[in-house]
Amino acid sequence: MRLREALKSEVDPDADEGDPDLVEREKVMALVQGLERKLESIEYALRQAKEGTYGVCERCGEPIDPARLEAVPEATLCVSCKSIVERQSRIRTTTQF
Ligand SMILES: [Zn+2]
């Protein structure tokens with residue numbers, strides 16, 4: 001967060017559009033935003049670890065496949081629930097339009 005504020009205050013709004021420095025900063029900003037999202041889910045996983053619910057599927061309460069947790073440490077759903085949720089959100093998006 002502090003890093004993002006520092007970057008933001010450094011960006012000069014009057015700078016030329018072609019300023020390579022500004023482009024570079026925007027790239028860093030996007031990177032920071034991506035990392036913040038990642039950090040959020042990791043913090044969530046850490047909270048779960050504290051509560052003793054880490055590695056347990058949020059939806060069905062079954063333990064999540066350890067191989068999956070290794071690949072996606074912040075996973076909160078088991079593979080089958082994730083595919084169900086993804087399918088449901090797809091249906092929701094298509095019925096919205
Ligand atoms: Zn599940």
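Counting starts at 1 for both ligands and their atoms, following the listed order. If you're wondering where the values come from, they're calculated on a predicted model, not measured in any experiment. Count residues from 1 along the sequence.
- Surrounding CD of Glu70 are at most 12 heavy atoms belonging to other residues, nucleotides or ligands under 6.0 Å away.
- Residues satisfying the side chain to side chain contact (heavy atoms under 4.5 Å, CB included) criterion with Val56, sequence neighbours excluded, are absent altogether.
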Show your reasoning for whether salt bridge (Lys or Arg N to Asp or Glu O under 4.0 Å) applies to Glu86 and Arg90.
-> CA-CA 6 Å; Glu86 273 174 3; Arg90 251 205 300 280; 5.3 Å; no
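- The two residues Cys78 and Cys57 have their closest heavy-atom pair at N-SG, 3.4 Å.
- With hydrogens and angles ignored, the 3.5 Å screen pairs a side-chain donor or acceptor of Arg68 with a backbone N or O of Leu77.
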Mind running salt bridge (Lys or Arg N to Asp or Glu O under 4.0 Å) on Glu40 and Arg37 for me, showing each step along the way?
-> CA-CA 5 Å; Glu40 245 168 65; Arg37 265 196 295 278; over 6 Å; no
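- For the Zn ion (ligand 1), the count of nearby protein N, O or S atoms, meaning those under 2.8 Å away, is 4.
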